[in-house]
Student: 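Have a look at this one.
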Number of protein chains: 4
Amino acid sequence: MATSLTEFAHRGYRGAKTEDIAQKAVVSKGIIFRYYKNKAHLYMATLKFATDRIESVADYSVWHDAQDLDAMIVNATKYKIQLQLQYPEEFKLLLDAYAEASDAPSALKHEIAEFYNNQTSANMANMIDPILNRLPIRNNVSRKTIQGLMLGVLDQVGAETKTLMQKKPDADLTDFDDIIENVRGYIDVLEHGFLKKE
Amino acid sequence: MATSLTEFAHRGYRGAKTEDIAQKAVVSKGIIFRYYKNKAHLYMATLKFATDRIESVADYSVWHDAQDLDAMIVNATKYKIQLQLQYPEEFKLLLDAYAEASDAPSALKHEIAEFYNNQTSANMANMIDPILNRLPIRNNVSRKTIQGLMLGVLDQVGAETKTLMQKKPDADLTDFDDIIENVRGYIDVLEHGFLKKE
Amino acid sequence: MATSLTEFAHRGYRGAKTEDIAQKAVVSKGIIFRYYKNKAHLYMATLKFATDRIESVADYSVWHDAQDLDAMIVNATKYKIQLQLQYPEEFKLLLDAYAEASDAPSALKHEIAEFYNNQTSANMANMIDPILNRLPIRNNVSRKTIQGLMLGVLDQVGAETKTLMQKKPDADLTDFDDIIENVRGYIDVLEHGFLKKE
Amino acid sequence: MATSLTEFAHRGYRGAKTEDIAQKAVVSKGIIFRYYKNKAHLYMATLKFATDRIESVADYSVWHDAQDLDAMIVNATKYKIQLQLQYPEEFKLLLDAYAEASDAPSALKHEIAEFYNNQTSANMANMIDPILNRLPIRNNVSRKTIQGLMLGVLDQVGAETKTLMQKKPDADLTDFDDIIENVRGYIDVLEHGFLKKE
DNA sequence: AATGAATGAGTTTTCATTCAT
DNA sequence: TATGAATGAAAACTCATTCAT
């Protein structure tokens, strides 16, 4: 599974060769087909393996426990970066899966969709609503707007992370301090933007 | 080229078959190899075709001519959506190319990078700086922060667009009115966030 | 290898089809490419197979053990004919290889050259010198001249052999008695020509 | 024709591409097929072109005019070397043709056979018989033996010539003086071998 | 008559999948 | 259960030959 993940993530479904996967995993090709029936099944199993892995370590308490927006976003950003650093292949596989697995069975599609949803509006709502409830929101500013902006911030952090990782492939968490600082700036502006002035 | 673009965009490099491309383009396989030497060259030529096409119609005046942030972002958003609607295959191809063309010659990589750059920080700075110069920015808010937030807004719009297009593949501009409305909300919050209160 | 040898020998590099080789060898095309990477490698392997085969059976004692020129040349001729009858495809392949393998790697060229050298001046010198040392050579006759004439005799025998084999493809050793008789005549004349008269 | 000759001689029937022949001859592919119907016909025409060229310049008087064996063979050798230097491609094409044109029409085969015959026993007999008639031949030495030995000498000269040309591709006639000297040695030995001692 | 773009049958090559051991 | 040699359908690629211009 680990080898399969690496190969599919780096080369895509068609680019990954069963021969290579077997060789790098130090097993025979035959055994792969005994356990996974065919390449498509192997791919799906790998997809599931990746989502399970991320799901098993994902710790949403970083969201729930935060007392204010700044803390929440900073923690969440740190956490997401850490996750992406720790599981870059899982992320890449799942990000590509949507496009590649257009003819995958619906069970798989569900799993993939799940992964995506964790980064979308609905999920964001759950996370930040409790905090927003405690804050005085300026008139004319909808929850949806704030959620969109927060997602935008996360997208932007994702982009900045990607850029940094391309420049410095073996980065560790401290290399991301600048990005965390940027996030603080974003949140500060957002709060000024949607909170009532007293 | 048009057929090649469609096939590569929909099926990826390996999924696209030269036979199919030839057949759909109503030409013979042979002539493809006469002009493009091999599949890899055909892919690169298609990439160039896509970037050229987008570059040839891209009209950056929507950015320069705007008098305020709201107008600029709204126009730019409309324009980008329109472009993406008009050239969905070009966008898809180029978005995937980054991952697929890991062993492409550097000349091609340059082209792809170019396409990506048009959606990054450096470009954003050029666009919005003239407008920011005319506005009273709150202390403690850096240009970089504002640029990052703007990019976040664009990313978010991109995501919302993608989602909408998946739900409604044959959408037209009017279907995107809600998204435009969202953008207005985002900008309003941002401006409240980084402008000095009088 | 055996089938490959036959096909390449009869049809040349380009005329031999991998499909045919596979079919006649009662194996699949695929397995050929697994073992030999591509057609060029298969050809080289076949070349090596042919040289090895001939080298492995070549018994140069027929040269060394002879006590006089007549015995040596007659034995050698018989032996060479026998070899060529036994390995006609190997001979044909290697004879053609020199022309075909103009872009072969130098390792291969070495092998081919080796095969050719066994039929040249340097080799001939080694073989007949011990015998010539025991004979009274007429003044004005150089070793080189005698070697050249011996090679000429061998060339001529080769030509006569080829002609006979074309007329009678399934000839056996006894069919070559006339040629052996010719050789005796040649040697007789040569000896009269270069030995001192007592 | 000249280009065709060069290409076929260097690459063989299958290795020569009509595209290349056309390009190097600075004509269109189309015109080749108009004049020669197909590749096989082009090949045959080229073969005929080569034999005609050699036949048109071949001057057999060098054989007939000689008064003694030494003069004859030396002249003939010089002449043959000159011919081979002047028409290396024609020689190569015709030498290969025998193997390649196994399915050529019989008319062609006749032409090729003709070329070969000029270098065989029957032809040799015509050439040297008049001279031998004037010489006292030792008992027990047959005409056939002498012819065979003379052919052997010519073969050997051919081999020496080939070797020299490979070492020194742009050799001229004077570079072959050593070979001519060798020939003198060969003939001297042969004459001593088959003439009656007085 | 001359051109060279276009064709497609024919070859080489790849790779998921099977199966004897 | 595990192996990896063997298979052959499917893809890439070549090139003699045709044909519109």
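It should be emphasised that the depicted structure is a prediction, and the values quoted were computed from it without experimental measurement. Naming convention: chains lettered A, B, ... in sequence-line order (proteins, then strands); numbering from 1 in each chain. The analysis underlying the following values was restricted to heavy atoms, covering all of them including side chains, and did not include hydrogens, waters or symmetry mates.
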Student: Under the rule for side chain to side chain donor-acceptor pair (under 3.5 Å), what residues qualify as partners of D:Thr18, not counting sequence neighbours?
Tutor: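 With sequence neighbours excluded, D:Thr18 shows a side chain to side chain donor-acceptor pair (under 3.5 Å) to no residue whatsoever.
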Student: Using a 4.0 Å heavy-atom cut-off, does A:Ala40 contact any base of the nucleic acid, only the sugar-phosphate backbone, or nothing at all?
Tutor: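 The residue A:Ala40 makes no contact with any strand.
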Student: Rounded to the Å, how far apart are A:Asn38 CG and E:dT17 P?
Tutor: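 The distance from CG of A:Asn38 to P of E:dT17 comes to 5 Å, rounded to the nearest Å.
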Student: Rounded to whole Å, how long is the line connecting atom CG of B:Leu42 with atom P of F:dA11?
Tutor: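 In whole Å, F:dA11 P lies 16 Å from B:Leu42 CG.
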Student: Starting at atom CD of D:Glu7, determine the distance to atom C1' of F:dC15, rounded to an integer number of angstrom.
Tutor: 15 Å
Student: Indicate the atoms forming the closest heavy-atom contact of B:Ala9 with B:Leu93, along with that distance.
Tutor: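 So the two residues come closest at N-CD1, 4.0 Å.
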Student: Among all residues two or more places apart in sequence or in another chain, which pass the side chain to side chain donor-acceptor pair (under 3.5 Å) test with B:Asn38?
Tutor: B:His41
Student: Using a strict heavy-atom distance below 4.0 Å, which residues from residues 17-29 of chain A are in contact with DNA chain F?
Tutor: A:Ser28, A:Lys29
Student: Without swapping roles, check the side chain of C:Tyr13 against the backbone of C:Ala40 for a donor-acceptor pair under 3.5 Å.
Tutor: yes
Student: How does DNA chain F look in dot-bracket form if you count Watson-Crick and G-U pairs under 3.5 Å, write [ ] for pairs that cross, and put | where a base pairs with another strand?
Tutor: .||||||||||||||||||||
Student: Can you tell me how far P of F:dA11 sits from CZ of B:Arg11, to the nearest Å?
Tutor: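 About 11 Å, once rounded to whole Å.
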Student: Yes or no on side chain to side chain contact (heavy atoms under 4.5 Å, CB included) for B:Ile54 and B:Phe91, after CA distance, side-chain angles and deciding distance?
Tutor: CA-CA 9 Å; B:Ile54 288 172; B:Phe91 268 76; 3.8 Å; yes
Student: Do the side chain of A:Lys39 and the main chain of A:Tyr36 share a donor and acceptor less than 3.5 angstrom apart?
Tutor: no
Student: Between B:Lys37 and A:Arg34, just flag the one whose closest nucleotide in DNA chain F comes earlier from the 5' side.
Tutor: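 The 5'-side residue here is A:Arg34.
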Student: For C:Tyr13 and E:dT12, what is the distance between atoms OH and P respectively, to the nearest whole Å?
Tutor: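 Nearest whole value for this atom pair: 8 Å.
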Student: Specify the separation, in whole Å, of atom CZ of B:Phe33 and atom P of F:dC13.
Tutor: 5 Å
Student: Figure out the NE2/P separation between A:His41 and E:dT17, and round it to whole Å.
Tutor: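 To the nearest whole Å, that distance equals 10 Å.
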Student: Looking only at heavy atoms, what is the nearest atom pair of A:Ile32 and A:Ile21, with distance?
Tutor: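 That would be CD1-CG2, 4.2 Å.
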Student: Tell me which of C:Gly30 and C:Arg14 sits closer to the 5' end of DNA chain E, going by the nucleotide each one is nearest to.
Tutor: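 Upstream on the strand: C:Arg14.
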Student: Taking only residues two or more places apart in sequence, or in another chain, which ones meet C:Lys24 in a salt bridge (Lys or Arg N to Asp or Glu O under 4.0 Å)?
Tutor: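 C:Glu7.
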Student: When you measure from the side chain of B:Tyr35, which nucleotide among F:dT17, F:dT7, E:dA5 comes out closest?
Tutor: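 In terms of side-chain proximity for B:Tyr35, the closest of F:dT17, F:dT7, E:dA5 is E:dA5.
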Student: What is the distance, to the nearest angstrom, from the NZ atom on C:Lys39 to the C1' atom on E:dT14?
Tutor: 17 Å
Student: Sequence neighbours left out, what passes salt bridge (Lys or Arg N to Asp or Glu O under 4.0 Å) with D:Lys29? Give chain and number order.
Tutor: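 Counting only residues at least two positions away or on another chain, D:Lys29 forms a salt bridge (Lys or Arg N to Asp or Glu O under 4.0 Å) with D:Glu19.
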